[in-house]
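Values below: all heavy atoms of this structure, side chains included; hydrogens, waters and symmetry mates excluded. Every chain is numbered from 1 and lettered A, B, ... according to where its sequence line falls, protein lines coming before strand lines. What you are looking at is a predicted structure, and each value in this text was computed from that prediction instead of being measured.
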Amino acid sequence: MWVTCPRSRQTSRPRLMSFTLATWNINSVRFRIRQVGMFLDRYAPDILCLQETKCPDDRFPLKPFRSRGYEHVLLNGQKGYHGVAILSRIPFLSTSKRGFCQKGDARHAAVTVADGGDDILIHNFYIPAGGDIPDPTINDKFAHKLAFLDEMTTWLTGPETDRRSILVGDLNVAPLENDVWSHKQLLRIVSHTPIETERLEQVRAAGGWVDAMRRFVPPEEKLYTWWSYRAANWALANKGRRLDHVWVTPHLVDRLESTEVIRATRSWKRPSDHVPVIARIGAA
DNA sequence: ATGCCCTACTTCGTAGGA
């Protein structure tokens, strides 16, 4: 009599990783290091991708991470503004940082982590905000944002994305109508103009990326990750935008178990205006 | 658009954020 043993079949294969990955625009990692510690204690992601660390690498507060087991660190910071970091309890197989638009600013970091006999590439991005006026001919910041998106499209295509990859970060674009509190009222506001949402869609399509958050929340539902500091009562007004994203290549879609917006951090004392998003990738 | 906020910096005014 035949008895199949799925377990032995599985263990004969290289083990594919199960892990959680968080992305969070922290708006100064030094100013908000206590909130970061609270978040790690409460949600314990295996990997944390931060944006807007606003911190030179030699001033980065590593101790609160190391004491919690986040021993693997990739920093790409600078003085005053921008800056990204990846902090992990999982070892990195390789690390890289890429400059965009011939600027010396710190807006990208990437690592690979083991996944069975293969690996997974994780990109962490902080795309330029783009200033106030959505016209590249009179606003250099908006021109920079569009050039940055075009450079991403050119880079993240073809063989570069034909692998297990995750792209997270503050992309500073709310692409869908229900990624903002009022599509109509924000059409001419930077972050939701058609010129930006079309460029971001080009980046996504060129790499065959899948919008992971929208696999779990249908496009008919509002979904935000950022609420302005200016609103007197951010939760009551609820005039948010989805500026932070998790994308995966098709190779990982079947292993996506969840994405979760951690709205609670926005109510903490002295919060970032962005909240974390956590994605769970299952073992295959 | 809303409302007049938030952080960094050879700091008390300006740049950058979105």
Does [Y] have [X] sitting over its ring (NZ/CZ under 6.0 Å from centre, angle to axis within 45°)?
{"X": "R98(A)", "Y": "F100(A)", "value": "yes"}
{"X": "R241(A)", "Y": "W181(A)", "value": "no"}
{"X": "R204(A)", "Y": "W247(A)", "value": "no"}

Distance below 4.0 Å between [X] side-chain N/O and [N] OP1 or OP2:
{"X": "K145(A)", "N": "dA18(B)", "answer": "no"}
{"X": "R241(A)", "N": "dA1(B)", "answer": "no"}
{"X": "H274(A)", "N": "dA18(B)", "answer": "yes"}
{"X": "S228(A)", "N": "dT2(B)", "answer": "no"}
{"X": "R30(A)", "N": "dC9(B)", "answer": "yes"}
{"X": "N172(A)", "N": "dA18(B)", "answer": "yes"}

When the [atom1] atoms of [M] and [N] are compared, how many Å lie between them, rounded to an integer?
{"N": "dC6(B)", "M": "dA1(B)", "atom1": "P", "answer": "22 Å"}
{"N": "dG17(B)", "M": "dC4(B)", "atom1": "C1'", "answer": "15 Å"}
{"N": "dG3(B)", "M": "dA18(B)", "atom1": "C1'", "answer": "13 Å"}
{"N": "dT2(B)", "M": "dT7(B)", "atom1": "P", "answer": "24 Å"}
{"N": "dC5(B)", "M": "dT10(B)", "atom1": "P", "answer": "24 Å"}

Could you tell me the separation between the [atom1] atom of [X] and the [atom2] atom of [N], rounded to a whole number of Å?
{"X": "Y126(A)", "N": "dG17(B)", "atom1": "OH", "atom2": "C1'", "result": "6 Å"}
{"X": "Q78(A)", "N": "dA15(B)", "atom1": "CD", "atom2": "P", "result": "17 Å"}
{"X": "N25(A)", "N": "dG17(B)", "atom1": "CG", "atom2": "P", "result": "11 Å"}
{"X": "W234(A)", "N": "dC6(B)", "atom1": "CH2", "atom2": "C1'", "result": "16 Å"}
{"X": "L186(A)", "N": "dT2(B)", "atom1": "CG", "atom2": "P", "result": "9 Å"}
{"X": "E52(A)", "N": "dC6(B)", "atom1": "CD", "atom2": "C1'", "result": "10 Å"}
{"X": "N139(A)", "N": "dA15(B)", "atom1": "CG", "atom2": "C1'", "result": "14 Å"}
{"X": "K54(A)", "N": "dT11(B)", "atom1": "NZ", "atom2": "P", "result": "18 Å"}

Handout entry: Sole residue of V246(A), V248(A), V253(A) in side-chain contact (heavy atoms from CB on, under 4.5 Å) with R215(A)
Key = V253(A)
Handout entry: DNA chain B: 5'-proximal contact among V190(A) and V29(A) (nearest heavy atom)
Key = V29(A)
Handout entry: Which residue lies more 5' along DNA chain B, comparing P271(A) with A232(A) via nearest heavy atoms
Key = A232(A)
So [X], base contact, sugar-phosphate only, or nothing? Heavy-atom distance under 4.0 Å.
{"X": "R107(A)", "value": "sugar-phosphate"}
{"X": "R59(A)", "value": "nothing"}
{"X": "D273(A)", "value": "nothing"}
{"X": "D105(A)", "value": "nothing"}

Side chains of [Y] and [X]: any donor to acceptor distance under 3.5 Å?
{"X": "S94(A)", "Y": "T112(A)", "answer": "yes"}
{"X": "D244(A)", "Y": "Y224(A)", "answer": "no"}
{"X": "N178(A)", "Y": "H183(A)", "answer": "no"}

Among [options], which is the nearest nucleotide to the side chain of [X]?
{"X": "Q185(A)", "options": "dA1(B), dA18(B), dT7(B)", "value": "dA1(B)"}
{"X": "H82(A)", "options": "dA8(B), dA1(B), dG17(B)", "value": "dG17(B)"}
{"X": "D132(A)", "options": "dA18(B), dA8(B), dG17(B)", "value": "dA18(B)"}
{"X": "K239(A)", "options": "dG16(B), dA18(B), dT2(B)", "value": "dT2(B)"}
{"X": "R230(A)", "options": "dT2(B), dG16(B), dT7(B)", "value": "dT2(B)"}

